[in-house]
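To start, the structure itself, in structure tokens.
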Amino acid sequence: MSVYQGLLERISPSLMGHLLDALSRRDPLVGHAPGGLLIPELIERLRGEGFSGYLLARFSGEERGWLAFYRGRLLGAWRQTTYGHLSGTVAYRAVQRELGLATLSLYRLQPDDLPPLVALTQGSLRLTGVEAREVAVENLMQPLVQEQFTGALVLEDGLVGQAWFLARGKYLFEALPPARFAAGVLHLVQAPNQTPPDLYEQAQQEDRAQRSLRISTAWNAAHEVLKEYMGRGASLALERLQHIYATDDPASLEKTLRRWMTESLEPHAAVLFDRLLRPTL
């Protein structure tokens with residue numbers, strides 16, 4: 001995840017969901033479709049097609065999830081929850097896991113339109129919590145246009161709000177802020193200066209690291225069991241087992257080793273193996 005978190009810690013998850021739900025819908029590919037009709041491998045298809053745009057998922061209880069793609073790269077992920085929100089790879093996994101249960105909408109955008117949207121969850125704050133009625137909007141926005149600002153101006157008015165987006169100093173989606181605001185507070189968030197990492201690739205790397213760690217833990221536990229039952233012969237026995245049962249599936253490896261210990265040593269060996277695997281259980 002980016003070191004910058006945009007407005008994630010500044011506005012409520014319900015408001016963030018409202019802002020994402022109100023994004024431009026000028027080029028819908030899918031609108032309010034049951035997720036079960038679009039999966040499996042929806043994310044992989046979007047990546048393979050070099051898709052630029054966003055996916056909005058609506059879950060039960062009005063919770064929302066959001067994935068933003070830039071030329072096939074997954075640059076943004078957010079998931080509203082009952083008590084807060086998730087972001088980054090954690091949000092991606094949560095959304096991906098529940099796609100089949102959600103109602104999905106998919107909108108295509110021009111690639112250059114994505115950075116201002118990503119600013120909501122991964123940008124850096126320029127202003128936050130400023131009383132809107134005290135701001136002369138033209139005086140605020142004109143310098144941003146001149147500096148070719150890329151990001152978003154967000155009005156927070158209680159539980160609702162509105163966002164206006166600029167890409168290189170130009171307003172997107174034909175939406176201009178009013179000349180003056182009557183109420184609320186303003187937040188100005190700038191898009192990341194560098195392209196954020198691909199969350200899909202990050203999640204894949206995290207999964208590989210987790211599998212590797214779990215496999216290593218299983219073999220270490222097996223070695224301890226073998227030392228208990230075989231003494232000096234434990235290392236040689238471990239090498240033979242690693243050759244016979246080589247796999248990159250930790251769940252399968254644990255099951256196989258548990259069965260081998262029960263059949264080749266004794267049932268208590270498998271019990272010891274489980275205790276070593278998960279000492280806190």
Side-chain angles (χ1 to χ4, degrees), residues 1-2 4-8 16-33 38 41-58 64-79 87-88 91-92 95-96 99 103-126 141-155 161-178 187-202:
M1 189 194 310
S2 169
Y4 303 109
Q5 298 188 40
L7 297 176
L8 290 179
M16 180 66 79
H18 173 80
L19 296 176
L20 296 174
D21 196 40
L23 292 175
S24 172
R25 302 177 182 179
R26 291 187 301 181
D27 193 4
L29 296 181
V30 175
H32 304 284
L38 300 178
E41 299 180 352
L42 172 62
I43 307 301
E44 288 77 3
R45 292 205 306 273
L46 295 176
R47 288 176 55 80
E49 295 170 2
F51 175 73
S52 291
Y54 67 92
L55 180 149
L56 183 67
R58 294 175 179 84
R64 297 176 178 88
W66 183 72
L67 302 178
F69 296 85
Y70 177 83
R71 302 186 189 276
R73 293 166 56 86
L74 179 62
L75 298 192
W78 182 83
R79 170 66 160 97
S87 61
Y92 159 67
V95 172
Q96 195 273 342
L99 280 179
T103 300
L104 304 181
S105 298
L106 192 62
Y107 299 94
R108 188 184 301 278
L109 294 174
Q110 294 299 316
D112 288 346
D113 294 350
L114 262 295
L117 275 59
V118 173
L120 293 175
T121 59
Q122 297 195 67
S124 55
L125 291 170
R126 292 273 292 262
M141 303 308 292
Q142 188 60 36
L144 298 177
V145 172
Q146 293 175 352
E147 75 173 64
Q148 297 189 330
F149 173 81
T150 296
L153 174 69
V154 173
L155 172 68
Q162 191 172 354
W164 296 269
F165 299 94
L166 292 92
R168 298 180 181 177
K170 296 182 179 180
Y171 286 98
L172 300 181
F173 316 133
E174 300 176 358
L176 301 176
H187 309 278
L188 182 66
V189 60
Q190 184 170 339
N193 292 326
Q194 297 181 340
T195 303
D198 187 334
L199 295 176
Y200 180 91
E201 291 293 342
Q202 276 196 330

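Heavy atoms only: backbone and side chains are in, while hydrogens, waters and symmetry mates are out.
Two residues are said to be in side-chain contact when any heavy atoms from C-beta on lie closer than 4.5 Å; Trp164 and Pro116 fail this criterion. The shortest distance between side-chain heavy atoms of Leu42 and Leu55 falls below 4.5 Å. Within the 4.5 Å cutoff, the side chain of Met141 has heavy atoms near those of the Tyr171 side chain. Counting only heavy atoms from C-beta outward, the side chains of Tyr200 and Arg73 never approach each other to under 4.5 Å. Considering only heavy atoms from C-beta on, Leu144 comes within 4.5 Å of Leu188 through its side chain. Contact check for Leu20 versus Arg64: no side-chain heavy atoms found under the 4.5 Å cut-off. Side-chain contact between Leu199 and Leu67: absent, with no pair of heavy atoms (C-beta onward) separated by less than 4.5 Å. Here the side chains of Ser87 and Thr121 are not in contact, with every heavy-atom distance at 4.5 Å or above.
Not counting sequence neighbours, Ser52 has no partner by the side chain to side chain donor-acceptor pair (under 3.5 Å) test. With sequence neighbours left out, Gln190 forms a side chain to side chain donor-acceptor pair (under 3.5 Å) with Arg126. Judged as a ring pair (Phe, Tyr, Trp, His ring centres under 6.0 Å), and not counting sequence neighbours, the contacts of Tyr107 are Tyr54. Applying the side-chain contact (heavy atoms from CB on, under 4.5 Å) criterion to Ala68, with sequence neighbours excluded, gives Trp66, Leu114, Val118. Ala119 is linked by a side-chain contact (heavy atoms from CB on, under 4.5 Å) to Val189, Ala191, counting only residues two or more places apart in sequence or in another chain. A search for side-chain contact (heavy atoms from CB on, under 4.5 Å) contacts involving Glu201 returns Arg47, Asp198, not counting sequence neighbours.
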Side chain to side chain contact (heavy atoms under 4.5 Å, CB included) between Leu74 and Leu46, intermediate numbers included: CA-CA 9 Å; Leu74 179 62; Leu46 295 176; over 6 Å; no
Test side chain to side chain contact (heavy atoms under 4.5 Å, CB included) applied to Leu109 and Phe173, step by step: CA-CA 10 Å; Leu109 294 174; Phe173 316 133; 3.9 Å; yes
Criterion side chain to side chain contact (heavy atoms under 4.5 Å, CB included) on Phe69 and Leu106, from CA distance to verdict: CA-CA 11 Å; Phe69 296 85; Leu106 192 62; 5.5 Å; no
Check against side chain to side chain contact (heavy atoms under 4.5 Å, CB included), Leu56 and Thr103: CA-CA 8 Å; Leu56 183 67; Thr103 300; over 6 Å; no
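Within 6.0 Å of CD on Gln110 lie no more than 12 heavy atoms contributed by other residues, nucleotides or ligands. Within a 6.0 Å sphere centred on CD of Gln194, other residues, nucleotides and ligands contribute 12 heavy atoms or fewer.
Smallest separation of non-hydrogen atoms from Ala163 and Leu19: N-CD2, 3.9 Å. Contact between Leu104 and Ala57 at its shortest, heavy atoms only, is CD2-CB, 3.5 Å. Here the shortest heavy-atom pairing between Pro192 and Gly123 reads CD-CA, 4.3 Å.
With hydrogens and angles ignored, the 3.5 Å screen pairs a side-chain donor or acceptor of Gln122 with a backbone N or O of Leu75.
Distance check, rounded to the nearest 0.5 Å: CD of Glu49 to CD of Glu44 gives 11.5 Å. The CG atom of Leu23 lies 5.0 Å from the CZ atom of Phe165; values are rounded to the nearest 0.5 Å. Taking OG1 of Thr150 as the start and CG of Leu117 as the end, the distance is 11.5 Å to the nearest 0.5 Å.
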